[in-house]
Amino acid sequence: MTQTSSSALSRLRLGVNIDHVATIRNARGGVHPNPVDAALLAEQAGADGITAHLREDRRHIHDDDIHAIKAAITVPLNFEMAANSEMIDMALAVRPNAACIVPERREEVTTEGGLAVVGNEDRLGTLLQPLKDAGIRISLFIEASEAEIDAARSVGADIIELHTGRYCHDDTNRNFEYTRIRSAATYAVKQGIECHAGHGLTFDTVGAIAAIPEMEELNIGHFLIGESIFLGLPEAIRRMRNLMDDARTGLSV
Ligand SMILES: CC(=O)[C@@H](O)[C@H](O)COP(=O)(O)O
Ligand SMILES: NCC(=O)COP(=O)(O)O
């Protein structure tokens, strides 16, 4: 195995998800804190992209937030959305850099798993074609499995984002979950698909995922917004960025 400096690897991008700034705002039904301000602060602090999830129930991010964020930021917008025609229309109106298709269940507290692409290829392929025609990159938020990666490729996905929730939250099976994610990342890149990861990542869990050489982007939100209460958002981002960079220093491929 050869030692490769981190400079020889593509720089691992950090997408900051600002959903839960809107959660705090909505708690009082007002306008503060403004997710747009958070997105700009994150960009100034070194975020390589902004992620925002317009849920069908609008529990946090609202339609106006998406339009305002897209107009304000200069880094790419990763627009998270459910696989339905309402969100397709929204994505075509906003024209984000990427649309990340995530599963939604109104009763869920947060995303519970990956999108079921296997078995839904025809529906997803047809639904997402207008986004591809518009030049919007297609990202599918999936479980770490070769079958889901193959299905994602068959519907024209440019990117897969591997769900890291169980890896982050299940102390008993963390090694097993890590091995699944690592294998899936290697497989995805061999299939010509860009590999991202996200959900539940913290200062304690980001390192092993960041050290996967095929990983190109991590999307991190809830933990960073929580940490920003204590450290401030720029410092929380700075610490996460340093942990990601440290994890890739001296990587062997
Ligand atoms: C797909 C994912 O893991 C998150 O990006 C998603 O936004 C989680 O949903 P909430 O932000 O509503 O917790
Ligand atoms: N797709 C994952 C994401 O955007 C952020 O997830 P989380 O860090 O808020 O759990």
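Order of listing sets the numbers, starting from 1, for every ligand and every atom in it.
Just one residue in the list I212, L162, I149, I159 forms a side chain to side chain contact (heavy atoms under 4.5 Å, CB included) with C195, and that residue is L162. The only member of D48, V75, I237 that meets side chain to side chain contact (heavy atoms under 4.5 Å, CB included) when paired with E43 is V75.
Using a cut-off of 4.0 Å between Lys/Arg side-chain N and Asp/Glu carboxylate O, R11 and D245 are scored as not salt-bridged. Remark: R105 does not engage E56 in a salt bridge, criterion side-chain N to carboxylate O under 4.0 Å. Classification of R59 and D19 as a salt-bridged pair fails, no side-chain N sitting under 4.0 Å from a carboxylate O. Taking the charged nitrogens against the carboxylate oxygens, E177 and R174 have no contact shorter than 4.0 Å, which rules out a salt bridge. Under 4.0 Å is where a charged nitrogen must lie from a carboxylate oxygen, and between R239 and E227 no such pair does. A salt bridge is absent between R153 and D150: the closest approach of a Lys/Arg side-chain nitrogen to an acidic carboxylate oxygen does not fall below 4.0 angstrom.
Proximity of N219 to ligand 2, defined as any heavy-atom pair under 4.0 Å, is shared by backbone and side chain alike. When heavy-atom distances to ligand 2 are checked against a 4.0 Å cut-off, H53 has no atom that comes that close, whether in backbone or side chain.
For the 3.5 Å distance criterion, the side chains of S154 and E121 fail to qualify, holding no donor opposite an acceptor. For the residue pair T202 and T205, a side-chain donor N or O sits within less than 3.5 Å of a side-chain acceptor on the partner.
The nearest heavy-atom contact from the protein to atom 11 (O) of ligand 1 is D19 OD2, 2.6 Å. Taking atom 10 (O) of ligand 2 as the reference point, the nearest protein heavy-atom neighbour is G200 N, 2.8 Å. For atom 4 (O) of ligand 2, the closest heavy atom belonging to the protein is N17 ND2, 2.9 Å. Ranking the protein heavy atoms by distance from atom 5 (O) of ligand 1 puts E80 OE1, 2.5 Å first. The closest protein non-hydrogen atom to atom 3 (O) of ligand 1 is H199 ND1, 2.5 Å. Given atom 1 (N) of ligand 2, the protein heavy atom at minimum distance is E161 OE2, 2.6 Å. Protein heavy atom at the shortest distance from atom 8 (O) of ligand 2 is G221 N, 2.7 Å. In terms of protein heavy atoms, atom 8 (C) of ligand 1 is closest to T111 OG1, 3.2 Å.
Counting atoms of ligand 1 from 1 in the listed order, those under 4.0 Å from a heavy atom of N17 are 5 (O), 7 (O). Each of the atoms 4 (O) of ligand 2 lies under 4.0 Å from some heavy atom of T51. The atoms of ligand 1 that sit less than 4.0 Å from any heavy atom of R55 are 9 (O), 10 (P), 12 (O). Close contacts between ligand 2 and I220 involve ligand atoms 8 (O) [criterion: under 4.0 Å to a heavy atom]. Below 4.0 Å from some heavy atom of H60 lie the following atoms of ligand 1, by number and element: 10 (P), 11 (O), 12 (O).
Between H53 and H60 the shortest side-chain heavy-atom distance falls below 4.5 Å.
Closest to atom 9 (O) of ligand 2 by heavy atom, among H222, H199, E217, is H222. Of the listed residues (V102, T110, L54, I61), the one carrying the non-hydrogen atom nearest atom 10 (P) of ligand 1 is T110.
Ligand 1 has a nitrogen or oxygen under 3.5 angstrom from a nitrogen or oxygen of H20.
In this structure, the side chain of T164 engages the main chain of H199 through a donor-acceptor pair within 3.5 Å.
Heavy atoms of E80 approach ligand 2 to within less than 4.0 angstrom.
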